[in-house]
Amino acid sequence: MITRIDKLLIDLPKPKSPDANGAAAVQELLGGKYGEMSTLNNYMFQSFNFRNKRKLRPFYDLIASITAEEFGHVELVSNTINLMIEGTTFPGDPDITPMQNAKDLRNSHHFIASAQTALPADSMGNPWTGNNVFTSGNLVLDLLHNFFLECGARTHKMRVYEMTDNPVAREMIGYLLVRGGVHVVAYAKALEVATGADVTKLVPIPNLSNKKFEKARKYEAEGVHRKLYTFSARDYQEVAKIWKGTHPEDGGKLEVIHGTPQGAPVPDLEEIPEEFAPGVSYEDFQEIAKRLQRQAGL
């Protein structure tokens with residue numbers, strides 16, 4: 001059972017100009033094989049299917065906590081895509097072709113299927129598929145898979161960062177490079193507890209250092225890379241039995257936060273008349289407001 005908070009994990013800057021082709025590339029970080037929809041659904045189903053929760057509680061608490069954070073990552077990437085596309089077309093009579101700027105862009109689905117918003121698909125327009133979910137029922141095997149899934153996700157984020165200098169894309173990717181690094185280390189530590197193997201020797205696949213990425217450095221300066229959130233005030237307490245000790249990159253002390261990050265406002269997307277979105281005119285809004293007042297007895 002999830003408590004949803006009407007905030008994004010971080011504040012996203014509003015771009016000065018649209019970048020629909022950049023948004024098409026960012027789609028890989030949402031609906032690609034190593035995108036946030038994959039990490040969310042992998043961990044979500046593993047947490048649903050987890051056996052012997054009482055005996056193996058610290059591992060269950062870890063996967064469940066990261067699952068909750070991944071929902072926020074899906075939300076963050078989606079809003080990034082939305083902000084990047086905004087402003088591509090212009091309002092006007094249909095016969096003046098107000099969406100003419102869209103026909104030569106990489107992802108026409110952004111304009112035909114979703115009214116210039118994110119899609120559950122990769123950068124080439126392929127729909128996200130449940131075939132990307134791995135839930136074997138074997139704890140060590142699932143943890144090992146999750147470790148490499150996070151490494152793959154990190155690689156894709158680094159590549160997309162280098163593909164676009166769009167400010168909102170880089171802000172989002174910088175943050176997720178840091179948070180994804182948390183998950184890499186968390187699964188490495190879980191494997192070490194479960195097997196005794198020093199998995200941290202595998203961590204540089206790729207290297208966890210974010211020093212080359214300007215938009216990641218400020219989050220590391222705030223210690224974001226050393227915090228693991230439970231996304232619950234009372235539950236998942238035993239994650240502290242795994243997330244403890246020091247960070248392999250800088251030696252700083254790891255910290256469990258019982259709750260959520262502070263968060264930032266969710267962008268409110270403007271209407272796009274040429275897309276008939278949301279399709280509610282001023283007169284429609286006035287009528288809706290009157291109906292709501294009548295139903296409330298006002």
Side-chain angles (χ1 to χ4, degrees), residues 28-29 32-53 56-74 130-160 173 175-210 216 220 224-231 236 238-252 254-256:
E28 190 67 29
L29 306 184
K33 183 176 180 180
Y34 294 96
E36 301 301 333
M37 288 187 65
S38 289
T39 50
L40 167 64
N41 281 280
N42 270 269
Y43 310 153
M44 183 169 66
F45 278 93
Q46 288 174 17
S47 67
F48 293 164
N49 300 340
F50 199 100
R51 297 179 184 276
N52 280 347
K53 293 182 181 67
L56 300 168
R57 189 81 203 184
F59 301 100
Y60 170 68
D61 284 6
L62 177 70
I63 295 172
S65 296
I66 295 178
T67 297
E69 179 167 2
E70 294 294 352
F71 182 95
H73 289 187
V74 170
N131 289 334
N132 293 336
V133 172
F134 184 89
T135 173
S136 72
N138 181 286
L139 176 61
V140 173
L141 185 55
D142 282 350
L143 291 172
L144 187 61
H145 167 270
N146 296 351
F147 173 79
F148 284 107
L149 177 61
E150 290 287 350
C151 288
R154 176 173 172 79
T155 303
H156 284 197
K157 290 182 181 73
M158 292 192 296
R159 290 170 179 170
V160 176
I173 296 171
Y175 177 76
L176 291 188
L177 282 172
V178 175
R179 294 307 301 166
V182 169
H183 299 168
V184 171
V185 175
Y187 286 126
K189 283 183 168 290
L191 282 162
E192 185 174 353
V193 172
T195 67
D198 186 3
V199 186
T200 56
K201 291 181 179 179
L202 286 175
V203 166
I205 313 173
N207 194 298
L208 283 177
S209 175
N210 288 314
E220 291 203 337
V224 172
H225 61 303
R226 295 190 295 268
K227 298 176 181 178
L228 193 144
Y229 299 91
T230 63
F231 288 84
Y236 311 119
E238 292 195 30
V239 71
K241 294 181 178 179
I242 294 174
W243 190 252
K244 62 181 181 179
T246 58
H247 193 280
E249 184 66 27
D250 64 6
L254 301 181
E255 181 184 9
V256 172

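Both backbone and side-chain heavy atoms feed into the values below; hydrogens, waters and symmetry mates do not.
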Within the distance-only criterion (no hydrogens, no angle test), does the side chain of [X] pair as donor or acceptor with the backbone N or O of [Y] below 3.5 angstrom?
X: Asn42; Y: Phe134; answer: yes
X: Arg154; Y: Asn207; answer: yes
X: Asp142; Y: Ser136; answer: yes
X: Thr67; Y: Tyr43; answer: yes

Closest non-hydrogen atom pair between [X] and [Y], with its separation:
X: Leu149; Y: Lys33; value: CD1-O, 4.2 Å
X: Val203; Y: Ala188; value: CG2-CB, 4.2 Å
X: Ala186; Y: Ile242; value: O-CG2, 4.0 Å
X: Gly32; Y: Ser38; value: O-OG, 3.2 Å

### Query
Between Asp61 and Lys53, does a salt bridge (Lys or Arg N to Asp or Glu O under 4.0 Å) hold up when you go through it step by step?
CA-CA 9 Å; Asp61 284 6; Lys53 293 182 181 67; over 6 Å; no
Using a 4.5 Å cut-off on heavy atoms from C-beta on, say whether the side chain of [Y] contacts that of [X].
X: Leu29; Y: Ile173; value: yes
X: Val182; Y: Trp243; value: yes
X: Tyr236; Y: Arg57; value: yes
X: Leu40; Y: His73; value: no
X: Leu208; Y: Val184; value: yes
X: His183; Y: Glu69; value: yes

### Message
Tell me whether Tyr60 at atom OH has more than 12 heavy atoms from other residues, nucleotides or ligands lying less than 6.0 Å away.
### Response
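Yes, because the 6.0 Å sphere around OH of Tyr60 holds more than 12 heavy atoms from other groups.
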### Query
Is the number of heavy atoms from other residues, nucleotides or ligands under 6.0 Å of Lys241 NZ greater than 12?
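Not more than 12 within 6.0 Å, no.
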### Message
Using the ring centroid of each side chain, check whether Phe59 and Tyr187 are separated by less than 6.0 Å.
### Response
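For Phe59 and Tyr187, the ring centres are not under 6.0 Å apart.
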### Query
Between the side chains of Gln46 and Asn146, does any donor sit under 3.5 Å from an acceptor?
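Side-chain D/A pair, Gln46 to Asn146: present.
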### Query
Just checking, any donor-acceptor pair under 3.5 angstrom between side chains of Thr39 and Glu36?
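There is such a pair between these side chains.
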### Side-chain ion pair, Glu192 and Lys189, N-O less than 4.0 Å
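Salt bridge flag = no for Lys189 with Glu192.
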